[in-house]
Amino acid sequence: MASPKKKLQGLVAATITPMTEHGEINFSVIGQYVDYLVEEQGVKNIFVNGTTGEGLSLSVSERRQVAEEWVAKGRNKLDQVVIHVGALSLKDSQELARHAAEIGADGIAVIAPFFLKPRNKVRAEELLDGIQDKIPTFQGLKFSDTDLLDFGQCVDQNRQQQFAFLFGVDEQLLSALVMGATGAVGSTYNYMGKKTNQMLEAFERKDFSSALNHQFCIQRFINFVLKLGVRHSDLWVHLSLCTLGSLQALSPFS
Ligand SMILES: CC(=O)N[C@@H]([C@@H](O)[C@H](O)[C@H](O)CO)[C@@H](O)CC(=O)C(=O)O
């Protein structure tokens with residue numbers, strides 16, 4: 001992997017995987033996608049092959065190629081490229097993790113097993129307890145639940161560790177910032193990165209009234225999309241079909 005870097009913080013765009021109309025990965029737009037995120041949205045970290053990128057619907061070979069392309073195109077432009085390597089097969093996951101290291105990704109992320117759910121809720125705070133004894137390279141948590149008590153306890157009980165606490169529910173990010181989130185991973189930072197960065201800046205300068213206005217604005221848009229029944233990645237579907245110039249037009253706040 002690339003040399004150890006500073007803690008992952010700020011916004012991390014969960015990238016979609018651009019496809020052609022024939023169902024093949026459209027590698028040709030990834031370079032432009034990187035430029036768009038950095039220049040138009042002010043987002044310099046990405047999370048590849050996650051839920052938004054539909055990594056679990058891709059073959060291992062496709063996932064490897066997608067990861068390679070993002071790492072290559074993001075070189076000297078992005079701060080951190082995190083590759084999601086979770087899979088239902090442990091061997092696939094291990095292969096993808098090794099591959100991410102070989103190509104120089106900055107980190108990997110792994111979803112917990114999700115097919116057979118335990119009956120009891122497993123709190124993230126319990127998982128973090130002593131985690132570095134088991135995973136010495138553990139860097140942080142992507143928390144995609146709305147249970148802010150659990151999230152707050154994760155932060156509170158790990159103040160001595162330099163973990164990244166990344167929140168994954170974009171419409172509630174402001175509440176998570178109050179509880180100590182150091183950054184966020186999400187689909188909407190693909191097109192509302194600029195707006196969300198304004199919220200982070202307002203929060204940073206303790207202008208909570210402006211931060212709240214930004215959050216409400218973001219919430220209204222996300223709610224609108226959810227009511228339409230459109231997945232956030234579908235908003236991006238014409239990435240592969242149109243030029244990237246049209247992406248800017250998709251942003252409600254451009
Ligand atoms: C369930 C889901 O897709 N959650 C999104 C959010 O960004 C979500 O789209 C957003 O909060 C709008 O509901 C992210 O947490 C997903 C994500 O980070 C990923 O693609 O791995």
Side-chain angles (χ1 to χ4, degrees), residues 8-19 25 30 33 37 41 43-58 62-63 66-67 70 78 80-88 93 96-97 100 105-114 117 124 139-148 150-151 154 164-177 179 181-197 199-200 214-237 239 250-253:
L8 180 57
Q9 52 192 0
L11 297 185
V12 183
T15 52
I16 67 136
T17 302
M19 308 293 284
I25 295 163
I30 290 182
Y33 193 162
L37 286 175
Q41 299 298 338
V43 173
K44 295 190 79 176
N45 303 296
I46 57 169
F47 188 88
V48 175
N49 286 336
T51 316
T52 308
E54 300 178 88
L56 289 157
S57 307
L58 301 175
E62 286 173 319
R63 289 177 72 168
V66 170
W70 279 108
L78 296 171
Q80 300 214 24
V81 177
V82 177
I83 309 293
H84 172 250
V85 301
L88 281 174
S93 194
L96 291 166
D106 297 286
I108 57 167
V110 192
I111 194 171
F114 54 88
K117 289 199 172 179
Q139 296 294 316
L141 173 76
K142 170 179 177 285
F143 190 97
S144 285
D145 196 273
T146 53
D147 182 347
L148 285 169
D150 187 13
F151 183 70
C154 289
F165 293 103
L166 306 168
F167 199 64
V169 186
D170 312 3
E171 47 278 61
Q172 293 187 355
L173 175 56
L174 182 57
S175 325
L177 291 176
M179 299 306 285
T182 57
V185 183
S187 62
T188 65
Y189 310 135
N190 283 297
Y191 53 91
M192 290 197 286
K194 195 167 158 188
K195 182 77 178 163
T196 311
N197 271 324
M199 183 178 86
L200 296 186
H214 287 303
Q215 181 71 93
F216 283 157
C217 208
I218 291 164
Q219 275 182 356
R220 281 197 292 271
F221 182 73
I222 293 178
N223 258 339
F224 169 73
V225 172
L226 290 177
K227 277 189 190 144
L228 285 179
V230 176
R231 289 177 317 156
H232 285 266
S233 56
D234 288 340
L235 277 179
W236 283 72
V237 83
L239 230 187
L250 272 179
S251 170
F253 307 113

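Order of appearance sets the numbers: ligands from 1, and atoms from 1 within every ligand.
- Below 30°, between 30° and 60°, or above 60°: for F221 and Y191 the angle between ring planes is above 60°, a perpendicular geometry.
- At least one N/O-N/O distance between S187 and ligand 1 falls below 3.5 Å.
- Interface of T52 with ligand 1, defined as ligand atoms under 4.0 Å from a residue heavy atom, comprises 16 (C), 17 (C), 19 (C), 20 (O).
- Near K142, meaning under 4.0 Å from one of its heavy atoms, ligand 1 places the atoms 15 (O), 17 (C), 18 (O), 21 (O).
- Interatomic distance, NE2 of H214 versus CD of Q219, reported as 13.5 Å (0.5 Å rounding).
- Here the side chains of F167 and M179 are not in contact, with every heavy-atom distance at 4.5 Å or above.
- Near F47, the atoms of ligand 1 lying under 4.0 angstrom from a non-hydrogen atom of the residue are 21 (O).
- Residue Q172 places no heavy atom under 4.0 Å from ligand 1.
- At a 4.0 Å heavy-atom cut-off, ligand 1 does not touch H84 at all.
- Of all atoms in ligand 1, numbered sequentially from 1 with element shown, those under 4.0 Å from a heavy atom of S144 are 15 (O).
- The CG atom of L173 lies 7.5 Å from the CD1 atom of I218; values are rounded to the nearest 0.5 Å.
- Checking side-chain atoms of N45 against main-chain N and O of Q9 turns up a donor-acceptor pair under 3.5 Å.
- Residue G168 places at least one N or O, backbone or side chain, under 3.5 Å from an N or O of ligand 1.
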- Stepwise side-chain contact (heavy atoms from CB on, under 4.5 Å) test for M192 and I222: CA-CA 10 Å; M192 290 197 286; I222 293 178; 3.9 Å; yes
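- Residue V169 approaches ligand 1 through these ligand atoms, each under 4.0 Å from one of its heavy atoms: 11 (O).
- Taking every heavy atom of E171 and a limit of under 4.0 angstrom, the matching atoms of ligand 1 come to 10 (C), 11 (O), 12 (C), 13 (O).
- Using a 4.0 Å cut-off to heavy atoms of G186, the atoms of ligand 1 that qualify are 7 (O).
- Formation of a donor-acceptor pair under 3.5 Å by the E54 side chain with backbone atoms of N49 is not found in this model.
- Close contacts of ligand 1 with G50, meaning ligand atoms under 4.0 Å from a residue heavy atom, involve 20 (O), 21 (O).
- The side-chain heavy atoms of L37 and Y189, taken from C-beta on, include no pair separated by under 4.5 Å.
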